[in-house]
Amino acid sequence: MTKRPPGPERLWRPQSIFRFAAGMACAVTLPVLVTKAVLSGYTAQFPSLPYIVTVVIAAMVGRFLAGAVATAVSLALIYYYVLVPTGSHPLDLAVFGLVGLLIAGVLAGTDRSRGAALLARQAADAAHQRVTMLAEASRILSASFDLKSTIAQVCERVAHDGGWYHVIVLQQENGGLHYLGGAHAGGAREADLEALEAPEAVAAVQSRQILVLDAPGWRTSKFGPWRFRSGLVVPLISGAETHGILILLHVAKGHTYSPNDLVYAGEIGGRIASSVENASRYHQQVHIAHTLQQGLLPRSVPDIKGANVYVRYQAGAGTEVGGDFYDVFGIGDNRWMAIIGDVCGKGPEAATVMSVTRATLRALALHEPSPKRLLAKLNEALITLVPDDRFVTVSCAVFEIMPEGGARVRLARAGHPAPVITTVGQPPRLANGKSGMLLGAFPEVVLHEKVVELAPGEAITFYTDGIESRDMAAEDKAMQLLREHGDDPADSIAARFANAVPGEMGSKADDLVVLTFEVVAAQHPARV
């Protein structure tokens, strides 16, 4: 942001009065002093030289007018005190006058050239600063879809680098303008701007043109509790849509805005508008993806007499449907099947494979109670039904609630992390067994089945590989968490798993499913 560039005649405007007075003083006093020196005989050999020096000094201090006055005063003094007594030729006087005016003109031209060069450097520096600011704003806005954070950072940079006193962004949403972020100098407090009545803002949105706010004195902003003298209201335009406004307020008296200022403000507004549009589209796509994901998963888990089942599904970052899935359903008297799996990749293809896998498992489970044979038949179906580049990892467990208490678990795994068994007061242990081959990749797979006995009060936790961190595999991470929290209530284990990943990695890149099957202790009734 700059004031309207001054012309050469306004370059030294703040100092013009002082320079003029100093130049005229030099133009009058210096020739007199030189004349006294000449009459005293100090410059007898070159009487004209000191007068030339006075012209140079006067022209350097007061520019051309002072140099011309110094020349005229010198001519008069030379005529009366040098030319007449010595009988010099009048032509010498004319030559001196021409030389003096020439020197004054040259020095004045040089001064203007320096001023023009200074203006050019200032303009180049301002342009470089603005280009740097726009690049930095683009970098900040593209780094995250968290609008509150990125808009606040950009406003801070615009206020700091651009010299604005208040920078405010309002987003157009639900038929109104709502405060999105800003930066305010002088420690100004942000007001509640949820219900704005700002005629200038509405006018800018409707006209899609930058409006210049100007006032002869202090003015209270209609955009908040901030006072200003001038400002710009910039509509946030991206394509055919207007997403809000950018408000730039200034407190300097007599501040004006050049066409370059308006272009610069429009460029900032355009970048903010693109960010708002991209963030809105991203969050809309995330919502759609997560809604579709939830539609492909069970709405609830069944109530099981003698056991409790707790499930936590957490969608990963991104706009694509993930491939993690689970299911719990009955397959006979006191027998229940639990499955948890992960389809390779993301997107519609992964969601399709997930849906096919769940439906196929449910259909096969009606006739095949063995987890090992069930997964083998699932592999045959996947080889036929899914693309060659898709594979699935699955843990399948059949729980049989025993009349005397406890449960017998028949477990088979196809490339999936091993579940963990927890007992209050004891270290957790992996329900190891042998992990079979993943499904959907090979016509023949080798699978294994293991029987695990769970006593009343014990629990077994299944999970997908979304729990793993950069330096720790999923099974190791699960064991670490359950060593720390294995004695916690079973219904909190899933939350422990889900909360662990963002704390380490900063943002989840993968989906996570955690399923805990707890055998109810004999002295406690089953929890619903």
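Looking at L180 and V276, their side chains come closer than 4.5 Å, going by heavy atoms from C-beta outward. For the pair W336/V309, no side-chain contact is recorded, criterion being any heavy-atom separation below 4.5 Å from C-beta on. Side-chain atoms of F497 and L481, non-hydrogen and from C-beta on, do get closer than 4.5 Å to each other. Residues V514 and T461 are in side-chain contact: their nearest non-hydrogen atoms beyond the backbone lie under 4.5 Å apart. With a 4.5 Å cut-off on side-chain heavy atoms, H250 and Y165 do not count as touching. Considering only heavy atoms from C-beta on, I493 stays 4.5 Å or farther from Y310 through its side chain. Using a 4.5 Å heavy-atom threshold, the side chains of D511 and T464 count as separate. I268 is listed as a side-chain neighbour of Y264, based on a closest heavy-atom distance under 4.5 Å.
Annotation: side-chain hydrogen bond (donor to acceptor under 3.5 Å, both in side chains) contacts of S142 (sequence neighbours excluded): none. Residues passing the ring-ring contact (aromatic ring centres under 6.0 Å, His included) test with F517 are F399, sequence neighbours excluded.
For the atom pair CD of Q480 and NE2 of H485, the computed distance is 8.5 Å after rounding to the nearest 0.5 Å. Taken from CG in L170 to OH in Y179, the straight-line distance is 8.5 Å, to the nearest 0.5 Å. For the atom pair Y463 OH and E468 CD, the distance stands at 10.5 Å (nearest 0.5 Å). Considering CG of L211 and CD1 of I247, their distance stands at 10.5 Å, rounded to 0.5 Å. The CG atom of D303 sits 9.0 Å away from atom CG of N308, with the distance rounded to the nearest 0.5 Å. Taken from CD1 in I304 to CD in E518, the straight-line distance is 11.5 Å, to the nearest 0.5 Å.
No donor-acceptor pair closer than 3.5 Å links the side chain of S492 to the backbone N or O of D488. When atom types are taken as modelled, the side chain of Q314 and the backbone of L512 share no donor-acceptor pair closer than 3.5 angstrom. For D465 (side chain) and A474 (main-chain N/O), no donor-acceptor pair under 3.5 Å exists by modelled atom type. In terms of modelled atom types and a separation under 3.5 Å, the side chain of R390 and the main chain of C344 share a donor-acceptor contact. In this structure a side-chain-to-backbone donor-acceptor pair under 3.5 Å is missing from S355 to T352. Proximity of a side-chain donor or acceptor of D261 to a complementary backbone N or O of S258 within less than 3.5 Å is detected. A donor-acceptor pair under 3.5 Å links the side-chain atoms of S274 to the main chain of G270, judged by distance alone. Judged by distance alone, with hydrogens and angles left aside, the side-chain atoms of N499 form a donor-acceptor pair with the main-chain N or O of A495 at under 3.5 Å.
No side-chain donor from either of T393 and D342 sits under 3.5 Å from a side-chain acceptor of the other. Donor-acceptor pairing under 3.5 Å is lacking for the side chains of S275 and N278. Using modelled atom types and a 3.5 Å distance limit, the side chains of H416 and S395 yield no donor-acceptor pair.
The two residues P428 and M479 come nearest to each other via the heavy atoms O-CE, 3.4 Å. In terms of heavy-atom proximity, D487 sits nearest to T423 at OD1-O, 3.9 Å. Here the closest non-hydrogen pair linking V513 and Y313 is CG2-CD1, 3.5 Å. For the pair Q171 and S280, the tightest heavy-atom approach, listed with the atom from each and the gap, is NE2-OG, 4.1 Å. Between L147 and A279, the shortest heavy-atom distance links the atoms CG-CB, 3.6 Å. Across every non-hydrogen atom of V420 and A478, the tightest pair is CG2-CB, 4.2 Å.
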Check the pair V392, L438 against side chain to side chain contact (heavy atoms under 4.5 Å, CB included), reporting the backbone distance first and the verdict last.
CA-CA 6 Å; V392 183; L438 51 84; over 6 Å; no
Stepwise side chain to side chain contact (heavy atoms under 4.5 Å, CB included) test for L378 and T357:
CA-CA 7 Å; L378 174 62; T357 301; 3.9 Å; yes
Salt bridge (charged side-chain N to carboxylate O under 4.0 Å, His left out), that's the test. Do R271 and E136 meet it? Break it down for me.
CA-CA 11 Å; R271 282 159 171 77; E136 179 66 10; over 6 Å; no
Check the pair I151, I272 against side chain to side chain contact (heavy atoms under 4.5 Å, CB included), reporting the backbone distance first and the verdict last.
CA-CA 8 Å; I151 293 299; I272 294 176; 3.7 Å; yes
V212 and S230: side chain to side chain contact (heavy atoms under 4.5 Å, CB included), yes or no, with the steps?
CA-CA 8 Å; V212 178; S230 64; over 6 Å; no
Determine all donor-acceptor pairs shorter than 3.5 Å in which one atom belongs to a side chain in residues 234-246; sequence neighbours excluded.
from: S238; atom 1: OG; to: E277; atom 2: OE1; distance (Å): 2.5
from: T242; atom 1: OG1; to: R208; atom 2: NH1; distance (Å): 3.0

